[in-house]
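The sequence lines fix the lettering, A, B, ..., with proteins before strands; numbering per chain opens at 1.
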Number of protein chains: 2
Amino acid sequence: MKIDPTSSADLSVQIAQSIKAAIINGDLIVDQRLPSESELADQFQVSRPTVREALKRLAAQSLIRTQRGATGGAFVNRLSFEDAYAQQVTTSTLLLSMNEVSFQTACEARYALERACAPLSVLRRNADQLATMRSEIFRQGQPDLSDEAFCASDVTFHRALVDAAANPVLSYQLAGAVEAMQPLMNMITFSARDRARIVALHSQIVEAIDQRDGTAATDGLQALETETLNLAQKVFETRSAKT
Amino acid sequence: MKIDPTSSADLSVQIAQSIKAAIINGDLIVDQRLPSESELADQFQVSRPTVREALKRLAAQSLIRTQRGATGGAFVNRLSFEDAYAQQVTTSTLLLSMNEVSFQTACEARYALERACAPLSVLRRNADQLATMRSEIFRQGQPDLSDEAFCASDVTFHRALVDAAANPVLSYQLAGAVEAMQPLMNMITFSARDRARIVALHSQIVEAIDQRDGTAATDGLQALETETLNLAQKVFETRSAKT
DNA sequence: CGTTTTTATTTGTCTGACATTTAAAAGTCT
DNA sequence: AGACTTTTAAATGTCAGACAAATAAAAACG
């Protein structure tokens with residue numbers, strides 16, 4: 001682990017990169033303790049605050065965790081699926097909100113990915129996931145549900161659909177795509193008739209998955225994408241007509 | 001933006017969370033300048049090093065960028081697709097390497113996602129992307145190519161396939177799935193016959209995309225998944241037989 | 001008016017110190 | 001001897017103040 005003092009980059013950045021490379025490269029393995037901050041400061045020939053800033057950078061990426069006390073220190077962190085989910089969701093959300101990604105583009109990506117899950121979900125779904133989907137459908141049918149709660153329920157429904165594929169890598173990849181859409185969906189107001197159509201499609205999808213009918217599930221998702229796009233277009237037309 | 005001094009969490013973590021929430025919430029917009037470190041230290045009633053550690057955490061997530069000098073400071077950063085790609089790739093890579101994800105699971109997720117792209121790629125592919133895929137196929141046919149270079153070319157091929165869908169959100173989501181597989185693929189040694197089969201499937205896929213035949217493209221990807229799994233199984237059997 | 005120099009501001013880094021947490025070691029009582 | 005309590009040492013967390021370096025605006029100068 002070396003750094004280049006002649007480089008223009010900040011020292012703390014270089015140190016963070018150096019340690020990160022060691023982790024990715026396998027020189028530092030999970031749960032291994034890094035040298036103490038003072039020792040790292042000596043090794044890299046910098047002061048302790050500089051080392052600390054580097055460690056904070058790594059901690060922000062869940063690459064290390066720190067522990068205080070006598071046997072404390074910085075440890076290489078096992079990146080859990082939960083950590084990765086969370087990162088994925090915030091990154092995706094910011095990406096969409098900051099880059100003027102059209103609703104259409106985001107929607108297309110999301111449903112393309114979900115359709116990729118469907119054949120696996122059909123094969124592997126368990127009773128829990130079917131029950132979750134059905135109970136969310138029931139909730140979505142309640143007339144006094146707010147639009148926001150409706151969207152939240154929608155997210156839960158689709159997460160169950162994705163988790164039914166029983167592939168944690170897929171679930172991780174899709175967490176962002178599904179949850180990042182929520183702020184965009186929240187801009188839509190759903191009429192009772194809109195909701196009824198969506199609930200009907202949800203029912204169709206869950207029955208297809210129950211019956212292990214992959215084609216019907218995919219078709220249902222396709223119809224849901226079309227429906228969602230139509231709804232969004234209606235909203236945007238109304239909005240532009242007002243201005 | 002407030003923090004809770006009675007909380008057990010570290011101050012720098014709380015400050016980072018507070019600023020992060022302000023960005024996600026829209027209170028701080030892209031390119032807006034944050035108060036200087038000294039001002040933030042006053043506002044949060046902490047010392048400057050503590051503020052700095054908080055800012056480094058945010059910088060590590062590409063949420064802010066810093067600039068030195070008279071008009072410098074910390075600015076809310078527009079999270080670019082490039083930044084997000086890079087984060088996605090390293091997160092996915094670490095996730096796979098640290099969690100004993102089976103080759104099968106990773107492979108299944110990757111090809112499921114790629115098949116989701118195929119129908120869109122068929123519709124939107126341009127000449128550049130077809131040319132890239134064909135030139136990578138040519139390279140993969142060179143007998144003196146190392147296994148590592150073969151895998152790298154494979155990644156380039158598949159990225160072109162994904163980019164052909166012309167959906168940046170999809171490309172971002174898939175960057176991780178495709179590139180994170182590379183270290184796993186690198187464990188495989190490809191015989192000349194293995195390579196020939198893969199190249200043949202790649203050719204089939206690119207022709208299908210050229211001909212706008214979505215079904216053939218999907219079938220080709222399915223066959224490639226099967227082929228890849230067979231190869232991996234062969235490697236693992238050989239390896240366990242040796243021990 | 002254009003160029004150069006100065007200056008003020010801000011981040012980057014250093015030094016040294018103290019506070020807090022934590023587990024192990026030492027001590028004490030039964 | 002064993003269980004409980006106290007002490008201690010090591011590590012991170014935080015603070016204060018200082019200087020270095022970069023940078024753009026302001027001032028000085030030709």
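Side chains of B:Thr105 and A:Asn167: no donor on one and acceptor on the other come within 3.5 Å. Residues A:Gln87 and A:Gln61 have side chains that never bring a donor and an acceptor to within less than 3.5 angstrom of each other. Looking at A:Asn126 and A:Asp128, their side chains never bring a donor and an acceptor atom within 3.5 Å of each other. A:Gln104 and A:Gln233 form no side-chain donor-acceptor contact under 3.5 Å, judged by distance and modelled atom types alone.
Using a 30° and 60° split on the angle between ring planes, B:Tyr172 and B:Phe81 fall in the perpendicular class, above 60°. The aromatic rings of B:Phe190 and B:Phe150 sit tilted, their planes meeting at an angle between 30° and 60°.
Under a 4.0 Å N-O distance rule, the pair B:Arg139/B:Asp154 does not qualify as a salt bridge.
Contact between the side-chain N/O atoms of A:Thr66 and the OP1/OP2 oxygens of D:dG13 is found at a separation under 4.0 Å.
Atom CG in B:Leu40 sits about 12 Å away from atom C1' in C:dT10, given to the nearest Å. The distance from atom CZ of B:Phe44 to atom P of D:dG13 is 19 Å, rounded to the nearest whole Å. Per the geometry, CG belonging to A:Asp10 stands 11 Å off C1' belonging to D:dA21, to the nearest Å. Per the geometry, CD belonging to B:Gln14 stands 13 Å off P belonging to D:dG13, to the nearest Å. Atom CZ in B:Phe75 sits about 10 Å away from atom P in D:dA24, given to the nearest Å. Taking atom CG of B:Leu34 as the reference point, atom P of C:dT10 lies 13 Å away to the nearest angstrom.
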At a cut-off of 3.5 Å, list every protein nitrogen or oxygen paired with a nitrogen or oxygen from nucleotides 4-11 of chain D, distance to 0.1 Å.
unit_1, atom_1, unit_2, atom_2, d
D:dA11, O4', A:Gly69, O, 3.4

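For the segment residues 47-58 of chain A, residues with any heavy atom less than 4.0 angstrom from an atom of DNA chain C are, sorted by number, A:Ser47, A:Arg48, A:Pro49, A:Thr50.
For the pair B:Ser153 (side chain) and B:Ala149 (backbone), a donor-acceptor distance under 3.5 Å is absent.
The one candidate from B:Gln129, B:Glu179, B:Glu136 that meets the side-chain hydrogen bond (donor to acceptor under 3.5 Å, both in side chains) condition with B:Arg159 is B:Glu179.
Rounded to 10°, the angle separating the first-five-pair axis and the last-five-pair axis of the helix from C:dC1-D:dG30 to C:dT30-D:dA1 equals 20°.
Considering all non-hydrogen atoms of both residues, B:Ala177 and B:Leu113 come closest at CB-CD1, 3.8 Å.
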Exercise. Which is it for B:Asp163 and B:Arg124 under the salt bridge (Lys or Arg N to Asp or Glu O under 4.0 Å) test, yes or no, and what are the steps along the way?
Worked result: CA-CA 10 Å; B:Asp163 288 339; B:Arg124 303 192 190 141; over 6 Å; no
